[in-house]
Amino acid sequence: MRPRTFEEFVGQQEAVGAGRFLRRMMEQDQVPSMILYGPPGTGKTTLAQMIAGLTHSAFRKLNAVASGIADIRAIVKEAEEQRRYHQRRTIVFIDEIHRFNKSQQDVLLPYVEDGRLVLIGATTENPFFEVNHALLSRVRVVRLYKLTDGQLVKILQQALADEERGLGGQHLTAADGVLADIAQFAGGDARMALNILEEMAAMLPPSGGKLSQELMESIVGERVQSYDKKGDNHYDTASAFIKSMRGSDPDAALHYLARMIAGGEDVNFIARRIVICASEDVGNADPMALVVAMAAAQAVQFVGLPEARITLGQAVTYVASAPKSNAAYLGIDRALADVRHKNCGNVPIHLRDSHYKGAEKLGHGVDYVYPHDFPGHFERQQYLPKELAHAHYYEPTDIGRERQMGEYLRRCWPERFEK
C-alpha cells in the first residue's frame, strides 16, 4: 500500500502539498539532497521512493545499521556509470542516517557536493544533534509530522478497498469506530496501523468477516510506548513535564510523568526534575514543595517501581498545584552575575570570623550586632560589602508564603524596595 503518486500520498502537506518547495522540485526534476526528519511511519521511505520514480533517477537504498563506507563507494562507482552512459542521476536513500558515524558521514561530502549523488537521508532523531554540520550545510532538512487519526483512517480505508495491493478482495467489513480505534492506538504511525489491520484480517476466515473492537484488542495487547531514553523524545517529554509543572497543570504533568514511567525512564532522573522545579518555579511561595520533592526523591529509591509511581505522582501534583515564584532563582543569578563581573570588595570587618585568638586585635567581629538581643530579633547593620551597599537581588512576590516574607523584609529594609 505504499503510495506511488501525490494523489495516493496522505498527509505531510507542509512538505509536499501543492506549490510547496519539495513538490515543485520533484515536478521539475531538480530535487536537492535532503534529510527527512520525522517519527516512524510518517512517509520518509515512501517519499524517497516517490522522488526517485517521479524524477526518473536511479534509486539505491542503504540502511546505516548494516552498511559502511565500502557500500557507499560501490554506489558512487555505479552512479558515475549511470551518469556517463545513461545520463541518469542516482538518488541514494540512507535510512537511519543518524547511525552513521562521523567518518562515514564525511565520506558522503564530496559526492553530495559535486552532484554525483543526490542524498536522501531519513532519521527519527533530530538531525541538528545527530548529523555532522558539514553534511547538514549541504542538504535541506524536511520535517515530517505524525499523521492525524483522520489521515490514518483514510489510509486504512484505502487498504480495505484496494483489490490489487490491499485487502479489497477479502470481503472485509469494519465495525463502527474500529478503524478510528486502530488509528488512535497507532499514534500517527501508518506502518503500525496497516500492520494491525493486516493481522486482524489474517485472524478472519478466507471468506471474509467483520473487523471488531474485540479482535483488535486481541491483536494489539498493550501499546508500545514511543520513548527513547537517550533520544530527542526523551528531552522533549522531560521539557513538557517541567513546563507543565511550572504552568500549574497537574493533569498535563501527570500525563508526561506517565509517558516517562511507561517508557522505562530512570525514576531518579524524574525525581531530580521535580526537585529542581520545586526550587526554581515554586520557591518560597510554598517552601513545602521542596520538602515534598526531596522526600519523594528519597522514597522512590527506597520503594522502587511500581510503587514509586504513586510517590512521584504525589510530588508532581503537589509541585504543579503549588503557588509559583521564581524570585529565589532570579535572586541567586543576579548575585552570581555581580560576583562574576564586579569588584565586590571584602567581607565587612564586623562580620568576619572572630573565633580564633588574635581576631579581636584585628577588629574582626568587634562591632557586630547580635539581632536576637533586640525586640523583634532584628537590628539594622551593614551586611553587604560597601561596594555593593545598595545591591538588591531578592524581590519576593506577593504569592503564597512569599507574601509574608516580602512584608517582613520591606519593614526591615524599606529602602531596598523603593521603586
Side-chain angles (χ1 to χ4, degrees), residues 1-13 15-17 36 38-54 59 61-63 65-66 93 95-96 122-124 144-228 233 255 258-259 261-264 306:
M1 288 306 300
R2 196 181 292 282
R4 298 161 294 190
T5 64
F6 286 118
E7 288 68 31
E8 294 177 348
F9 197 88
V10 176
Q12 310 305 342
Q13 292 303 297
V16 295
L36 303 174
T42 52
K44 297 186 292 295
T45 304
T46 293
L47 194 51
Q49 292 187 352
M50 282 178 57
I51 290 171
L54 293 173
F59 183 76
K61 181 178 178 180
L62 295 176
N63 188 298
V65 175
F93 175 70
D95 200 11
E96 299 189 83
T123 178
T124 57
L144 302 184
Y145 297 90
K146 279 187 176 182
L147 298 172
T148 66
D149 289 353
Q151 290 167 342
L152 289 180
V153 168
K154 184 176 179 180
I155 291 170
L156 294 171
Q157 289 170 338
Q158 289 177 348
L160 285 173
D162 193 305
E163 295 186 6
E164 177 191 353
R165 300 182 297 149
L167 304 170
Q170 296 189 25
H171 309 291
L172 299 172
T173 59
D176 290 343
V178 72
L179 296 186
D181 290 340
I182 295 173
Q184 175 72 31
F185 184 89
D189 186 334
R191 185 186 297 105
M192 180 184 289
L194 287 169
N195 283 341
I196 293 170
L197 183 68
E198 185 176 40
E199 291 167 8
M200 290 174 68
M203 295 289 288
L204 295 172
S207 58
K210 192 169 189 177
L211 304 170
S212 65
Q213 175 74 34
E214 293 75 20
L215 181 59
M216 181 196 124
E217 290 177 352
S218 71
I219 294 292
V220 300
E222 185 175 341
R223 191 177 191 281
V224 177
Q225 293 298 312
S226 173
Y227 188 82
D228 180 354
N233 191 262
H255 168 75
R259 279 197 185 195
I261 291 174

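Sequence positions, counted from 1, serve as the residue numbers for this chain.
- Under the rule for a side chain to side chain donor-acceptor pair (under 3.5 Å), Glu163 has no partner lying at least two apart in sequence or in another chain.
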Using atom types as modelled, flag every donor-acceptor pair under 3.5 Å from a side chain in residues 188-203 to any protein atom, sequence neighbours excluded.
unit_1, atom_1, unit_2, atom_2, d
Asp189, OD1, Arg191, N, 3.0
Asp189, OD1, Met192, N, 3.1
Asn195, ND2, Arg191, O, 3.3

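- Considering only heavy atoms from C-beta on, Gln12 comes within 4.5 Å of Leu147 through its side chain.
- For the atom pair CG (Leu144) and OG1 (Thr123), the distance works out to 11.0 Å, reported to the nearest 0.5 Å.
- In this structure, CZ on Phe185 lies 12.5 Å from CG on Leu152, to the nearest 0.5 angstrom.
- In this structure, Leu211 and Met216 have side chains that are not in contact, with every pair of non-hydrogen atoms separated by 4.5 Å or more.
- When the side-chain contact (heavy atoms from CB on, under 4.5 Å) test is applied to Ser207, the partners found at least two apart in sequence or on another chain are Pro205.
- Separating the CD1 atom in Ile182 from the CD1 atom in Ile219 is a distance of 10.0 Å, to the nearest 0.5 Å.
- Contact check for Leu215 versus Leu204: side-chain heavy atoms found under the 4.5 Å cut-off.
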For residues 166-178, which side-chain donor-acceptor pairs fall under 3.5 Å, sequence neighbours excluded?
none

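- A search for side-chain contact (heavy atoms from CB on, under 4.5 Å) contacts involving Arg165 returns Met1, Arg4, Glu8, Asp162, not counting sequence neighbours.
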Can I get a per-line list of side-chain donor-acceptor pairs under 3.5 Å for residues 40-53, giving both atom names and the distance, sequence neighbours left out?
unit_1, atom_1, unit_2, atom_2, d
Thr42, OG1, Pro39, O, 2.8
Lys44, NZ, Gly38, O, 3.1
Lys44, NZ, Pro39, O, 2.8
Thr46, OG1, Arg2, NH1, 2.8

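- Scanning both residues, Ala183 and Leu156, for their nearest heavy atoms gives N-CD1, 4.5 Å.
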